[in-house]
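Here is the naming used below: chain letters follow the sequence lines, and residue numbers restart at 1 for every chain. Note that these values count all heavy atoms, side chains included, but never hydrogens, waters or copies made by symmetry. In this text, all values refer to a predicted model and were calculated from it rather than measured experimentally.
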Amino acid sequence: MDVTSIIDSLNPAQREAVSSADPYQLVLAGAGSGKTRVLVHRIAWLMQVEGLSPYQILAVTFTNKAAREMRERISDLIGFAPQGMWVGTFHGLAHRLLKMHWRDAGLPEGFQILDAEDQLRVIKRVYAALNMDAEKWPPRQAQWYINEQKDEGLRAAHIQQSPDPFTVAMLQIYHAYEEACQRGGLVDFGELLLRAHELWLNKPELLAHYQDRFQHILVDEFQDTNSIQYAWLRVLAGNKLGMTAVGDDDQSIYGWRGAKIENIQNYTHDFEAVTTVRLEQNYRSTATILKAANGVISQNANRLGKTLWTDGQDGELLSLYAGFNEQDEARFIGERIQDWIAKGNMRSDVAILYRSNAQSRILEEALLRLQIPYRIYGGHRFYERLEIKNALAYLRLLMNRHDDAAFERVINTPTRGIGDKTVQRLRDTARAHQQSLWAAAETEVENLPARASNAVRGFLAMVSELAEDYQSLTLDGLTDQVLEASGLLEFYRREKGERGQTRVENLEELINACRAYEAPDPDSPALPQFIDEAVLDAGERQAESDEDAVQLMTLHSAKGLEFPLVFMAGMEENLFPHKMSLEESGRLEEERRLCYVGITRAMEKLYLTYAETRRLYGQESFNRVSRFIRDIPSEVLQEVRLSANVSRPTSFVKKPATLSDEGSGSGFALGQQVKHKIFGEGVILSFEGNGPNGRVQVNFVNEGTKWMVLQYAKLQAL
DNA sequence: AAGGCAAATGTTTTT
DNA sequence: CATTTGCCTT
């Protein structure tokens with residue numbers, strides 16, 4: 001047994017964590033301390049030294065990306081892909097269990113997963129059925145309430161009735177929502193976890209089976225677990241299985257979403273003799289950056305306690321820049337990035353982090369003006385985009401003609417003359433006969449007015465025809481067929497503006513995803529597996545884009561990433577810490593952890609910037625510099641002032657956008673030769689607007705004239 | 001069914 | 001301020 005390859009490259013603390021013989025372990029892993037490395041090596045150790053088979057190991061992560069990375073790194077380390085190991089997200093694993101044991105879980109075999117949008121739709125339907133006042137209790141609030149309860153492991157029946165009208169209304173909705181989901185075989189994200197937990201409680205023999213099977217559980221990002229996730233783990237582990245929990249209380253930033261930082265402490269009490277290992281040596285940042293990070297986080301009370309250190313260089317001081325306003329701040333950042341690139345560095349090594357998405361626009365505009373390519377993280381996820389969801393709804397309908405949600409979604413998408421009245425009639429018929437909308441449509445089609453009747457008949461025939469291809473075609477072939485036959489692709493092709501073009505590109509990307517898809521179970525049809533995975537997948541595939549672009553993202557989405565050069569923008573009171581979080585002290589501490597997360601993303605150089613005046617939501621505000629800045633030891637912080645006389649008001653008077661002005665800053669000139677990935681070569685004919693929504697009209701040699709958004713078009717100057 | 005208009009609304013986000 | 005949503009009109 002060659003143990004050396006597993007522990008040789010590790011530091012003492014990592015080694016202790018990896019080779020521990022104790023059944024329960026807590027690894028407090030500071031930012032950049034080799035957390036994933038420890039998890040991966042621990043798994044290798046369990047297999048190669050303690051003799052566990054992959055089959056006996058369960059590894060839980062928070063995101064699909066993390067799960068994927070862990071799998072890859074295990075394979076790299078041990079030299080082959082471990083077969084039979086369960087590595088996945090809480091939701092993914094719960095889904096897997098429920099799929100296998102649907103009967104025991106009280107679900108129909110083909111239950112559907114609801115994403116946030118689907119869930120809201122169901123809630124709105126419940127409102128209609130209950131005659132609930134959507135003005136008084138916004139459906140979003142009900143959705144929030146339901147999810148909050150589910151995160152805590154509470155069903156409607158568990159919640160105490162209370163006299164206050166809010167609770168009364170919410171409970172009524174929650175009850176009706178549960179019924180609607182049960183009737184329709186619908187499972188939301190929280191429900192996956194709740195059912196998986198109940199599966200353990202209600203089916204002891206099943207629990208026993210898995211406790212027998214798994215010998216060790218590894219949990220990543222333990223500080224992000226919510227109550228129901230922890231409960232699920234706790235029951236499964238019983239006092240039988242070993243467990244390695246890895247997390248960092250200082251990086252807990254999802255409390256507002258139900259994450260319970262207390263789970264870390266609970267773990268040490270709920271299990272016997274939990275040994276704690278601290279990983280404090282940081283391999284990412286300079287000593288200077290770590291000093292700043294430690295300074296900030298030390299202001300929080302009740303920490304489990306960790307101090308990051310490095311044996312590396314001090315590196316450069318942090319720079320603080322006070323912009324005159326947000327434009328100036330953005331310009332400063334852009335210029336520093338230009339300097340960076342001029343020195344031969346990669347744009348993709350630069351990240352601009354901010355507290356809230358609203359800040360991104362000004363930054364984008366500045367980058368656009370300076371012709372610096374950038375990429376924004378976050379926003380709408382791939383599989384949540386309208387066109388993608390519509391395409392998936394067609395596919396779902398092919399799998400199951402009685403999927404009402406899918407039916408409703410596509411019956412008149414693209415529009416084919418089936419209006420609200422007709423659909424309402426189908427709903428009524430379906431309800432009266434206790435049947436699906438599809439079944440109702442099949443019978444009711446004869447009784448409809450001629451025009452609607454023809455339209456419905458056409459729709460039914462189209463879907464039936466497609467369904468015949470379902471078995472014979474490959475996944476991408478089928479999707480391609482669906483997009484063509486349904487008219488969906490054509491519909492978006494015709495949609496004017498660049499919006500349609502992006503949608504068409506996304507649909508093409510969907511076909512690519514289908515082509516590349518490898519079903520976990522090759523023996524059963526790929527489509528259902530693909531659909532389920534899509535709902536549970538944020539679609540980070542696009543994130544791994546290879547273009548060299550500056551990365552813009554919120555502080556939240558930066559967690560887990562690292563960049564040589566980092567900018568934290570908007571370091572102002574009310575913005576960061578956000579004013580919404582000032583009331584409760586717990587919230588403020590979470591903001592501080594967010595700041596700590598931000599600082600520790602930086603490897604070499606960190607800029608902190610703020611604006612003395614900021615225009616936000618149409619209001620001019622004068623915010624003081626963030627209190628977090630004052631928590632940074634002054635000896636590591638240097639204030640930057642650029643040629644002060646130039647940087648004052650006059651140069652920032654907003655120029656009114658005149659027609660001739662347009663196009664400036666786009667990086668392109670009228671008549672310029674450009675190249676597009678899909679459309680080939682062309683010439684720029686005109687501009688419209690600027691900023692992220694700035695558009696260019698391009699006359700392509702082969703494709704004719706098109707308008708496109710600069711941000712998406714990725715035009716290349718020739 | 002599409003387009004126009006007023007009103008609401010604006011932390012953070014994975015699954 | 002700017003974007004999204006719902007509602008109304010054609």
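- Under the stacking criterion of a centre-to-centre distance below 5.5 angstrom and an interplanar angle below 30°, A:Trp256 sits stacked against the six-membered ring of B:dT12.
- A:Gln112 and A:Asp118 share no donor-acceptor pair across their side chains, judged by distance under 3.5 Å alone.
- Among the heavy atoms of the strands lying under 4.0 Å from A:Ser581 is at least one base atom, whether or not backbone atoms are also near.
- For A:Glu135 and B:dA7, the CD to C1' distance is 11 Å, given to the nearest whole Å.
- Within the nucleic acid shown, A:Asp188 has no heavy atom closer than 4.0 Å to any nucleic acid atom.
- Nearest nucleotide to the side chain of A:His91, out of B:dT15, B:dT11, C:dA2: B:dT15.
- At the heavy-atom level, A:Gly190 lies nowhere under 4.0 Å from the strands shown.
- Within the nucleic acid shown, A:Asp115 has no heavy atom closer than 4.0 Å to any nucleic acid atom.
- A:Leu58 pairs in a side-chain contact (heavy atoms from CB on, under 4.5 Å) with only one of the listed residues (A:Val87, A:Leu93, A:Leu218), which is A:Leu93.
- In this entry the distance linking OH of A:Tyr377 with P of B:dT13 reads 13 Å, nearest Å.
- In this structure, the NZ atom of A:Lys579 is 7 Å from the P atom of B:dT11, given to the nearest Å.
- Among B:dT15, C:dC1, B:dT13, the nucleotide with an atom closest to any side-chain atom of A:Asn357 is B:dT13.
- Between A:Val219 and the options A:Thr61, A:Leu233, A:Leu39, a side-chain contact (heavy atoms from CB on, under 4.5 Å) holds for only A:Leu233.
- With rounding to whole Å, A:Ile418 atom CD1 is found 9 Å from B:dA1 atom P.
- Closest contact between the side chain of A:Thr415 and the listed nucleotides B:dT15, C:dC1, B:dA1 involves B:dA1.
- If you check B:dT15, B:dT13, B:dT11 against the side chain of A:Thr554, the one that comes closest is B:dT13.
- Nearest to the side chain of A:Ser356, among B:dT13, B:dT15, B:dT12, sits B:dT12.
- Counting non-hydrogen atoms under 4.0 angstrom, A:Phe90 reaches nothing in the nucleic acid.
- The two residues A:Gly560 and A:Arg601 have their closest heavy-atom pair at N-NH1, 3.2 Å.
- For the pair A:His578 and B:dT11, the ring geometry qualifies as stacking, because the centroid separation is below 5.5 Å while the planes lie within an angle under 30°.
- Annotation: B:dT13 and C:dA2 have their C1' atoms spaced 22 Å apart (nearest Å).
- Heavy atoms of A:Glu590 sit nowhere under 4.0 angstrom from any nucleic acid atom.
- Cation-pi geometry between A:Arg375 and A:Tyr377 is met: the NZ or CZ atom falls under 6.0 Å from the ring centre, inside 45° of the normal.
- The side chain of A:Tyr254 lies closest to B:dT13, out of B:dT15, B:dT12, B:dT13.
- Where A:Asn412 and A:Glu384 each meet DNA chain B at their nearest nucleotide, the meeting point lying more 5' is that of A:Asn412.
- Only one option out of A:Lys579, A:Arg627, A:Arg355 pairs with A:Glu591 in a salt bridge (Lys or Arg N to Asp or Glu O under 4.0 Å); it is A:Arg355.
- To the nearest angstrom, P of C:dT5 lies 12 Å from CZ of A:Arg121.
- The separation of C:dT5 from B:dT12, taken at their P atoms, amounts to 15 Å, rounded to a whole angstrom.
- The side chain of A:Tyr617 sits closest to B:dT11 out of C:dA2, B:dA1, B:dT11.
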